[in-house]
Q: 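One structure, as structure tokens, below. Some questions next.
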Amino acid sequence: MKPEEIRMAIREIKKRTTKPFAVNLFCTNWSDQYEGVEKSQIVLNAIRGKLGMEASEHHVVTNNFFEEQFKILIEEKVPVISTAFGVLPKDKMTVAKQYNIIITSMVTTVQEALFAEENGTDIIIAQGSDAGGHRGTFEFEKNTYGETVGTFSLVPQIVDAVSVPVVAAGGIMDSRGLVAAIALGAQGVQMGTAFLTTTESGAHPVYKQALLNSTEESTVITKVFSGRPARGIKNTFIQAYYDAKISPADFPTQNTMTNDIRRQAALQNNPEYMSLWAGQATRLLQNEIPAGKLIHDVMEGAKGLLSSN
């Protein structure tokens, strides 16, 4: 989001609740290399043709708004900053601590968790490979698709390694997942995919339907939408890169290059060319359940499971 869009969103949230909330920042070195752009553009232009769009040959530039984004989070006194792809730079961490802002960081290995704790993170989000959306791997170059340790293998190892609270993320959809995470030492869970089909979800209707039609075998980890590894439902867009046998451009260039296609696909109600982020437990999705009821059911179900044991 652009900085002023973030400011407007924060102020809108404050109008609706006095409860704490988090704003997420991508904390990573943005590549200024443009290798692979021409080859990637060939694949993308073929897709544009199928969607009735004009070919794109323009030079791709992605603005890095991190400094402005962080400044707005401080100015607006955001209670929690969550980070992905890394941790806040030391100077930013110092400022955040001065304002008593809680910092959470997504990690995918014990090594990343230790690094996050050493650099001031207050809460570790242990993201397993089951999770939908972008992998939180700090430096995925050593592993093309990011680190892929499963949630319930990752959580207890991180719990044993760090002294700050750990939150489990990835494949957790109901009370059973919450209880399992607690049993492994987590002090909470982070759920994403489960909320995509709730009544309040802003997900596109065809995205919701694709989720409801999917199974535990439907998703893959791919870099073709953004240049960074992310788990989503395999579709024609992803297959086009497999067939072409080429790699996408680096993040965030690839993300900028694919934006017009993803937007047009949404306008055409065509899920085959949208980024359909999803975790691996989609059989457990509930259609059009209110978000509040989902949370209530998870909590009450967990209480029941814990009391019966």
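Note that these values count all heavy atoms, side chains included, but never hydrogens, waters or copies made by symmetry.
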Q: First locate atom CG of L114, then atom CD1 of I158, and finally report the distance between them rounded to the nearest 0.5 Å.
A: 8.5 Å
Q: Fit a plane to each ring of H134 and F85, take the angle between them on a 0 to 90° scale, and name the class: parallel (under 30°), tilted (30 to 60°) or perpendicular (over 60°).
A: perpendicular
Q: Evaluate the criterion side-chain hydrogen bond (donor to acceptor under 3.5 Å, both in side chains) for residue pair T197 and N287; output intermediate values, then yes/no.
A: CA-CA 5 Å; T197 55; N287 190 22; 5.5 Å; no
Q: Can you check whether S226's main-chain N or O pairs, donor with acceptor, with N255's side chain at less than 3.5 Å?
A: no
Q: Listed by chain and number, what are the side-chain contact (heavy atoms from CB on, under 4.5 Å) partners of R11, not counting sequence neighbours?
A: R7, E76
Q: Rounded to the nearest 0.5 Å, how far apart are OG1 of T62 and CD of Q254?
A: 10.5 Å
Q: Working to the nearest 0.5 angstrom, can you tell me the gap between E300 CD and K293 NZ?
A: 10.5 Å
Q: So do the side chains of V107 and T121 get within less than 4.5 Å of each other, counting heavy atoms only?
A: no
Q: Any side-chain to backbone donor/acceptor pair from R231 onto S129? Under 3.5 Å, distance only.
A: yes
Q: First locate atom CG of L44, then atom CG of L51, and finally report the distance between them rounded to the nearest 0.5 Å.
A: 11.0 Å
Q: So, taking the atom named CG in N213 and the one named CG in L211, what distance separates them when rounded to the nearest 0.5 Å?
A: 9.0 Å
Q: Of V23, T104, I125, I103, which is the lone residue that meets side-chain contact (heavy atoms from CB on, under 4.5 Å) with S82?
A: T104
Q: What residues form a side-chain contact (heavy atoms from CB on, under 4.5 Å) with A291, not counting sequence neighbours?
A: F195, T198, E200
Q: Would you check if the side chain of S40 reaches a backbone N or O of P248 as a donor-acceptor pair within less than 3.5 Å?
A: no
Q: I'd like to check the side-chain contact (heavy atoms from CB on, under 4.5 Å) partners of K234; sequence neighbours left out, ordered by chain and number.
A: V220, I238, Q239, Y242
Q: Report the residues that fulfil side-chain contact (heavy atoms from CB on, under 4.5 Å) with A55, sequence neighbours left out, ordered by chain and then residue number.
A: N45, E57
Q: Under the rule for ring pair (Phe, Tyr, Trp, His ring centres under 6.0 Å), what residues qualify as partners of F152, not counting sequence neighbours?
A: none
Q: Only pairs under 3.5 Å count here: list side-chain donor-acceptor contacts from residues 86-94, not counting sequence neighbours, and write none if there are none.
A:
| residue | atom | partner | partner atom | Å |
| --- | --- | --- | --- | --- |
| K92 | NZ | E67 | OE1 | 3.1 |
| K92 | NZ | E67 | OE2 | 3.1 |
| T94 | OG1 | K90 | O | 3.0 |

